[in-house]
Every structure is written in C-alpha cells, then in structure tokens.
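Both backbone and side-chain heavy atoms feed into the values below; hydrogens, waters and symmetry mates do not. Convention: sequence-line order gives letters A, B, ...; per-chain numbering from 1.
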Number of protein chains: 2
Amino acid sequence: MSENVAGEIGAVAALVRSTFLVNAVYVESAREYGITQQQGQLLCVLMAQPYGMTELGGVLGLAKSSLTGLVDRTERNGLVERRPDPGDSRAVRVALTRRGARLADEFYAETCRRVEELTAGFTAAERDTLAALLGRVVTDNQVPTVFLEPDQVR
Amino acid sequence: MSENVAGEIGAVAALVRSTFLVNAVYVESAREYGITQQQGQLLCVLMAQPYGMTELGGVLGLAKSSLTGLVDRTERNGLVERRPDPGDSRAVRVALTRRGARLADEFYAETCRRVEELTAGFTAAERDTLAALLGRVVTDNQVPTVFLEPDQVR
DNA sequence: CCGGGTAGTTCGCGGCACGAATTTGTTACG
DNA sequence: CGTAACAAATTCGTGCCGCGAACTACCCGG
C-alpha cells in the first residue's frame, strides 16, 4: 500500500491538494460575481429549494449563530430573503430572491465551467472513472447536497 | 457527455462535493489540535522547509498582508518563528519552532488518517486509480505543495 | 549616490465562525 | 387549561481571516 515511486502521488495527498485547488477555483469564481465563497455556497444550496435556518446549518455544517450572520449579509445584498414558515411562526424559510436566483445560476454555471476545466486533459472515460470514484467518496461519507448535478438545475 | 442516469454523479459535482468533505475534515482536525485550518495549512507547508513571506503567499494563494497576520497569530501560539534571512536583511524566513514541528507532525498524521478514512470502502486498486487521476488534476493545474506525501515527511 | 524595484508591515475594513445567553413560539402532559 | 420542557432564531462579544492602499527599510544597477 502506498509504495511511492518517484513522481507518483498518494491518494491522501491527492485528495487534499485537489481540495485546495477546487476551493481556490470556487473562491475566485465567487469573487468574480461580487460575493464570498460562503455566500456562493449558500446560493448553490438554495438553488434546490428553500431551507430553514437550522436545516441550513446542518447542510453547510455551521452553527446557528454563524448562519444568522451569513443570511443577514446575503439578504443585505438582495440575494436571499427570509420568508415566514407557514406552519411554525418561530421558523423561517430562506429562499433566493429573483436576483439571487439569477446570480446563483450564473455563478453555478461559471463554477462548473471552471471546475470542468481542471480535468481538461482527461478523456471522457477518465472523467467518468474519476466521477464514479469521487461519487462513492461523497455518498459513502454522506456529504450534503452543497452542489447540484447540472441536470438537476431548474 | 454527462448523461446522468439516476444515482450517478457528474465529475464536476463530485469534485465540488468531495472538496467540501475534505475541507470539513481538515477544519475539524485542526480544531482538535487547537489551531485553525489556516494555521494548520501553514504548518503543513512549513514541514517541508522554511519559506519567505512572499514565497508563502504564492504557495498559499494569499496576499502579503494576509500572511503577516497569519504568521503573527501562529507565532503568538509559539508554532512558527521569523528568522532573519542571511542574505537579505529585509527578508524573513518563516520556520517551525520545535513545538510547531511536533504539532505539525501530529496534525499532519491525524489529518492523513481521517482523509484516508474517507476511502475506507475502497479496494487498493480503486484507491490507486483515484490517486492517479487526482494526481493528474493536481499536476496539470500546478497546485503548490500545500500537503506533503507521507514518505516525504522527515 | 540615487532612483527604481522588492520584502514585509501597518492600518482600516468587512466577512466569517463560534459559544453563551436570550426571546419567542410550540408541544406534551398532568 | 396551564405550565414545563423543548425548539427556532437572534443577539452579543470575541477572535480569526483576507484584502488593498500606504508605508518603511533595504537591495541593486547605473
């Protein structure tokens, strides 16, 4: 296991370093749309559906109080809004505004484009293999849906 | 391309979502050692060798001014130190302290362990394939060495 | 020796994340 | 009922992060 011949890279380092890369792409893409990474992440999550605050905390892995601030700032930017929960007057549904939905679409598409570019040198088969393996990592470890499939959009 | 049969996941979403996962692991691991993700990253980079500030900015993808603060805080924690650069009295070499080196080793090992766990259900061959593909992503896109190979440690 | 470039720091700002305490509303149960 | 336990969010205070602009100290070529 992990016999490292010169020039090869182990699975762990490959995961960590590619994470660093994708993260940078995400940040840069967000920056280009005038939002932060966190706000971009929030928009991408909300593309699927509105969520309550507590629920969002679970998906994004944040404390409740962190979320209040994030939603505050994103709301101030006019991208999301708090709607009253019909069934529970304590609760709130966070949803994209029209502007937020538009920006989410653009940001999402641009981010997809850039991430796809990271595998520009891959054959279709290689890309599929990578997708299948990483897909298992994701499902085995129950990663919440912080990023939709392209065909789930709209 | 990217015909999505039910249950399958595309390469882009797989990359983004696994990034989210690895990132969370990294943050949690750092937290356990009483440091932030950024300080952990700094320690891991410095495990290889000391760096100048500007150089570090390149590796970590941060502005000079961001680095001053990060090194300040990490230095205050006794984990790194600024040493004068012998050849240039403006410059500085940031290096691990003894305590920093010890903590870096532990943090690095624990992070490796946790990241490895993410592929717990994989066969050795699958893990190798994943490593090879992600390794290409990393080298094709010139990711700096923000995380060593296990066999490069020490 | 002087002028242009470089290494780092300082400063001010806003975003981010957290825990503890608080407010308001829900729900269960006696 | 009514009250006690619980749940959804917010508030508050703190510290970390990241940035750009301005600045200091130093290097180096002419």
Any salt bridge linking A/E55 with A/R93? Criterion: basic side-chain nitrogen under 4.0 Å from a carboxylate oxygen.
yes
Give a yes or no on whether a salt bridge exists between B/E110 and B/R113, defined as a side-chain N under 4.0 angstrom from a carboxylate O.
yes
Whole angstrom value for the distance that separates P of C/dG8 from CG of B/D72:
13 Å
Can any side-chain N or O of B/T97 pair as donor or acceptor with the backbone N or O of B/G78 at less than 3.5 Å?
yes
Is any side-chain N of the basic residue among B/R82 and B/D72 closer than 4.0 Å to the acidic one's carboxylate O?
yes
Side-chain (A/S29) to main-chain (A/V25) donor-acceptor, under 3.5 angstrom
no
Under 4.0 Å between any heavy atoms, over every strand shown, what does B/T68 touch: base, sugar-phosphate, or nothing? Just pick one.
base
Using whole Å, what does the distance between atom P of nucleotide C/dG8 and atom CG of B/L60 come to?
14 Å
Positional range of nucleotides in DNA chain D within the contact set of chain A, heavy-atom, under 4.0 Å
D/dA7 to D/dG20
Are any side-chain N or O atoms of A/R17 and backbone N or O atoms of B/G135, one a donor and one an acceptor, separated by less than 3.5 Å?
no
Is it true that a side-chain atom of B/E149 and a backbone atom of A/A13 form a donor plus acceptor pair closer than 3.5 Å?
no
N or O in side chain of B/R82 less than 4.0 angstrom from C/dT9 OP1/OP2:
yes
Could you tell me whether B/D88 contacts a base, only the sugar-phosphate backbone, or nothing, with contacts defined as non-hydrogen atoms closer than 4.0 Å?
sugar-phosphate
Can you sort out the partners of B/D140 under salt bridge (Lys or Arg N to Asp or Glu O under 4.0 Å), two or more places apart, ordered by chain and number?
none
Is A/R90 side chain donor-acceptor paired with the C/dT26 base, going by distance under 3.5 Å alone?
no
To the nearest angstrom, how far is B/M53 atom CE from C/dT10 atom C1'?
12 Å
Whether each nucleotide of nucleotides 13-20 of chain C has a protein heavy atom under 4.0 Å at its base (B), only at its sugar-phosphate (S) or at neither (-) is summarised, 5' to 3', as --SBSBBB
